[in-house]
Each structure stands twice: as structure tokens, then as C-alpha cells.
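I have placed the structure first, in the form of C-alpha cells, so that the comments after it can refer back to it.
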Amino acid sequence: MSSVVEFKEITKAFPGVLALDKISFKAKSGEVTALVGENGAGKSTLLKVLNGDYQSDGGQYLIDGEVKHFKEPQEAIASGVSIIYQERQIVPYLSVAENIYMEKIPIGPSHLIDYKKLNKMTQDIIDEFKLPFKATTRVKNLSVAYQQMVEIMKAYRRNPKVIAFDEPTASLSDAEITTLFEIIESLKKKGIIILYVSHRMKEIFQITDEVVILKDGKLVEQLHTADTNEMEIVHKMVGRDLGDIFLSLDRNKEIGKIVLESRNLVAENVKDVSFQLHAGEVLGFAGLVGAGRTESMRVIFGADKHKSGDIYIEGIKTNITFPEDAIRNGIALCAEDRKDQGIFARSSVKHNISVAVLRSLVRNGFIDRKKEKTLAEEGVVQLKVRTPSIEKPIGELSGGNQQKVILARWLAAHPKVLILDEPTKGIDVGSKSEIYQIICDLAKQGIGIIMVSSELPEILGVCDRIIVMCQGRITGTLTREEATDKKVLVLAMADMLGGDKE
């Protein structure tokens, strides 16, 4: 018997924002229904309404024809609704079994945990999912992908009717994504309703049956995936035809002198890394997961220690031991993990912009609030941050707007070097095009920009030069003109295949 979840005119408002405006659509069992739209379109808000995290201001949702109104996530779970968020909800120091059965641990006759039964029940699920770890394995010892599988198994053992995935592949490699898709396919065959939120168009056409397009909190259209294409979806999402967003970029044409140089840098997963960055240049770092790109950037920023090697700023050897040293010498880093390392989620947009330059705002021992306000307002205008107020908590903004606020923070510090680690991670196509142009505009101001990205099209489309890494080493450097998908991938796998690195 098929199962259906139906949304009827769901409405949700926050101060100054109508997040959901009478959203109505159905999702059926045995299908994967994608929710797509720009950041701020209402996708995550809709899931939180379904999950009981938010209470709707109007409308209703039904599961198999029965009206539901969950006041908290536990009620949703009890009724067969589970949300798999991008940020994992696990306890790393507990075993896989303890995580999966956390709220339903079997107790033996002596009122102690029956570990034999617990591990047996868990191993049955692991074997059903054909995963290569044990019930007794500590979750902290699993890869990010397998930690996510633990989340899915936790949802699965509750006999769910609905499982929703919110950006599940953001931190996964291609091989890990393949494993995830195999599991989603098996859940689909078991008659579970799958809701799938993603900004990656390739995934939409790979895994989904239906596409629900949202824009500015409104339903645009529901389409059969097989009856549409990427350009149609993008056009309906953003309300305009983006065309080739890389061809339309207004790039910097004047590359300046060397502003940053790394000589023979050695650290954890960083092996003899040497390169130069010029003022006004966008220098890309490409490679597979674990190539050492992020580790190299963290060493240059002083977030991690290096064993040997030197860093030069404008030709002067510079000792960078802590991030404060990097900032003082004109280096800024927008970290890959925006949520945990980039923003102060509960603090205002204003505070998130001013935090890097607070010392310069102090007058007579107190922060000059008027100057701080002006600084924040200028940053919001310059980077076109969509927010009703600079006092709004940054955690309530979309991912694209959070990224713009982080950029505004570092621009306030007037950096010579700006390191962007996965700057468009979890950001929709419309916001990506804006970020790309911002990067080009900053390069035109003479800032040397390093862009680390796992998305090959944006590395090829935005960067002036591309450095490719594999297993902690630089395996090659390409200009934009000579770089191709194939050349980058060959270099990215050079150490593993034993191929030519030149």
C-alpha cells in the first residue's frame, strides 16, 4: 500500500520575512522528491515545520490522509518522520549500536543494558545495509560518510514513513555519495517517502523522481524529473537565465607582484608545499578529498602548526604561529566549515562583521557602537547581503548570505591575501554566481585570492591558475587556458596511480 505526505497551504513567517507562503504539494512512497530553490527559498524551513522544530502559522500537513501537528521533533519521530540534517546528530564516543538505539536501549533481567541483544539488533541492520563496520565500533572512528549512514540507520530502525535528507552530500566524496545513493534507493524500494534537499543539479537527475521548486517562500512548480532539465529548473529557481555564469564574469586583467609565497611547507598531510600568489590573482587549489588543500591553508593561516618550511609576505619572511599573526600580516581565511568555524550563529550580522576588527573600534576603553554600525551597514551594502536588519542573528540567514557576511568581516580588515575554502559549499546556483563575481571584484582591488574547491567547474571557471594536490603534495600547476577536467583529474590522482606529475 502506497503512502503519501501532503502539504496544504503551509505558511510560516518570521519578523520581516514570509518564509513559507501557502506551500502545497504531495510526495509519495517509492519516490524521491527533491526540494530545490535558492538559499532562503524555504526548503529547510519546510522540513523544520514537518519535523516539529517550527510551528506553522497556517495550513496543514497530512500523512496518509491524517492531519498531523507535531509540537516537537520527538512527536514527529514517533509518527514516522525523520530528518537527516547536514550537521550530524550523533554522540561520537558511543558505539554505532548505542547511537542507533539511544532512546530505546534493551534492558536485561538485571536492569542492565543487554549489550548482546543490542549489538545483534544493530548488526542485523548494518548487514541489511551492507556496510563494512561493526555494531561495537565507536562512531568517532568512522568516516563522515559512515557517520551519516549511522544517522540513516537510526531513522530506519524506527520504521519511518518519511525520511528527509537536507544537503546530505555536502561533505562526501564521489565514492561515498555512490554508497549513500545505493542506500536511498533501497529505502525507496521499501516504500519509504524520501524528501531530498540539494543544490547539486547532477544529484537531482541521478536520484530523484519528482522536483518541487521553491522561490522566495512560494511554490513555483512540481515537475517529473524525467520531463525537465537543468536549465529549466535553474530558470524557475532564480527567475532568470544564468547562461554560462563563468563567461559573464568581469575578471581582473592586471596581475601584480608576488604577495604570498610558501616555500617547502611541511605539516600534517602537507608535504613540501611551495607556491606563489600574486596580487589580484585568483589561485585555485584542486584535488580529491584528503589531498591536503585545507591543511595547507590552515598552516598558512596559523590555525595548525608546521614542522618546517617558510612563509613570505611581499618578499619578507614571516613567522606565522597563530591566526592573530596571519591577520596582523594581512591574511584572512574563510573556513570550509561555515557553521562551526565561520559564524557566531546567535550573534547579529553586525557583530559577525565587526568581530575581526573590534580593537580598531575601541575608543576610551569602549566599543564605538556608531562606528561599528556604520562598518556593518557598509559591508551589507557592498556585498548585497539580504537581511532585514544588521541586528538579525546571522544563523537565521541563508547560507549564501552568511558567506557574504563572513566576506564582509574580512574585507573590513583590509587583507592582502584572502583564502576561501569551499566558498560556495551549500549555496544555490544564483548565490554562487554572485559569490563568483564578488571574488573577481576583490581581485580587481588587488587582493590575492586563494580558492579551495571540490567543484571542478568553478575551479576551471573562476581561477587564473590552478594548483593540483594529491596526498599532501602539489602534483602540478595549470593556467586557466590549459586546464581541463581531464588534466586536473590526472594530476589529482597522480600519486595514487604513479603517473607523471608534470
Side-chain angles (χ1 to χ4, degrees), residues 14-17 39-40 87 259-260 297-298 300-304 313-314 318-423 425-427 431 434-435 438-439 441-442 445-450:
F14 298 103
V17 179
N39 287 104
E87 295 82 22
V259 66
L260 169 72
M297 297 308 114
R298 285 179 59 83
I300 289 168
F301 189 63
D304 292 334
I313 306 293
E314 295 182 329
T318 306
N319 182 28
I320 297 178
T321 308
F322 301 101
E324 299 85 56
D325 302 326
I327 296 168
R328 189 170 57 253
N329 284 281
I331 301 175
L333 169 66
C334 293
E336 175 186 8
D337 191 337
R338 186 168 56 242
K339 177 178 176 289
D340 290 337
Q341 299 175 9
I343 64 171
F344 301 92
R346 296 183 180 180
S347 294
S348 66
V349 169
K350 178 179 70 179
H351 176 69
N352 272 274
I353 291 176
S354 67
V355 67
V357 292
L358 281 178
R359 288 183 182 177
S360 68
L361 301 176
V362 173
R363 295 290 181 270
N364 301 318
F366 296 94
I367 295 173
D368 186 333
R369 297 299 179 188
K370 184 176 180 181
K371 193 172 181 180
E372 181 186 28
K373 180 174 180 286
T374 300
L375 179 77
E377 288 174 341
E378 288 175 349
V380 165
V381 170
Q382 180 185 359
L383 296 181
K384 299 177 182 177
V385 180
R386 297 184 185 93
T387 177
S389 166
I390 60 171
E391 302 297 340
K392 187 176 181 67
I394 190 174
E396 295 179 12
L397 300 185
S398 68
N401 285 303
Q402 289 178 7
Q403 191 72 304
K404 290 180 185 179
V405 170
I406 296 170
L407 285 170
R409 172 198 302 165
W410 290 118
L411 293 184
H414 304 293
K416 299 170 186 174
V417 175
L418 179 60
I419 302 171
L420 305 173
D421 196 350
E422 302 289 358
K425 181 178 177 180
I427 293 177
S431 295
E434 293 181 359
I435 296 292
I438 288 170
I439 290 171
D441 290 343
L442 297 178
Q445 294 175 25
I447 299 173
I449 295 173
I450 294 176

> What distance separates Leu420 CG from Met297 CE, expressed to the nearest 0.5 Å?
Replying inline: 11.0 Å
> Where is the tightest heavy-atom contact between Phe301 and Ala326, given as atom of each residue plus distance?
Replying inline: O-CB, 3.3 Å
>> For a quick test of reading the model, state the closest non-hydrogen atom pair linking Ala412 to Leu375 and the distance between them.
In response: CB-CD1, 3.8 Å
> Rounded to the nearest 0.5 Å, what separation is found between the CD1 atom of Ile438 and the CG atom of Asp441?
Replying inline: 7.5 Å
> For Ile390 and Ala376, which heavy atoms make the closest approach, and how far apart are they?
Replying inline: CD1-CB, 4.2 Å
>> Minimum heavy-atom separation for Ala332 and Pro415, please, with both atom names.
In response: CB-CB, 4.0 Å
> For the residue pair Lys373 and Lys350, what are the closest heavy atoms and their distance?
Replying inline: CA-CD, 4.2 Å
> Side chains of Asn352 and Ile406: does their closest heavy-atom pair fall under 4.5 Å?
Replying inline: no
> About how many Å separate CG of Asn319 and CG of Asn329, when rounded to the nearest 0.5 Å?
Replying inline: 9.5 Å
> What pairs of residues pass the ring-ring contact (aromatic ring centres under 6.0 Å, His included) test when at least one of them lies in residues 345-369, not counting sequence neighbours?
Replying inline: Phe344-His351
>> For the CD atom of Gln402 and the OG1 atom of Thr387, what is their distance to the nearest 0.5 Å?
In response: 11.0 Å
> When rounded to the nearest 0.5 angstrom, what is the spacing between CD1 in Ile331 and CD1 in Ile300?
Replying inline: 7.0 Å
> Nearest 0.5 Å, what's the CD1-CG distance between Ile447 and Leu418?
Replying inline: 6.5 Å
> Backbone N or O of Arg386 within a donor-acceptor pair of the Asn401 side chain at under 3.5 Å?
Replying inline: yes
> Would a distance-only check, ignoring hydrogens and angles, find a side-chain to backbone donor-acceptor pair under 3.5 Å from Gln403 to Pro423?
Replying inline: yes
>> Out of the candidates Arg409, Lys371, Glu372, only one should pair with Ser354 under the side-chain contact (heavy atoms from CB on, under 4.5 Å) rule; please name it.
In response: Glu372
> Glu378 and Val381: side-chain contact (heavy atoms from CB on, under 4.5 Å), yes or no, with the steps?
Replying inline: CA-CA 5 Å; Glu378 288 175 349; Val381 170; 5.9 Å; no
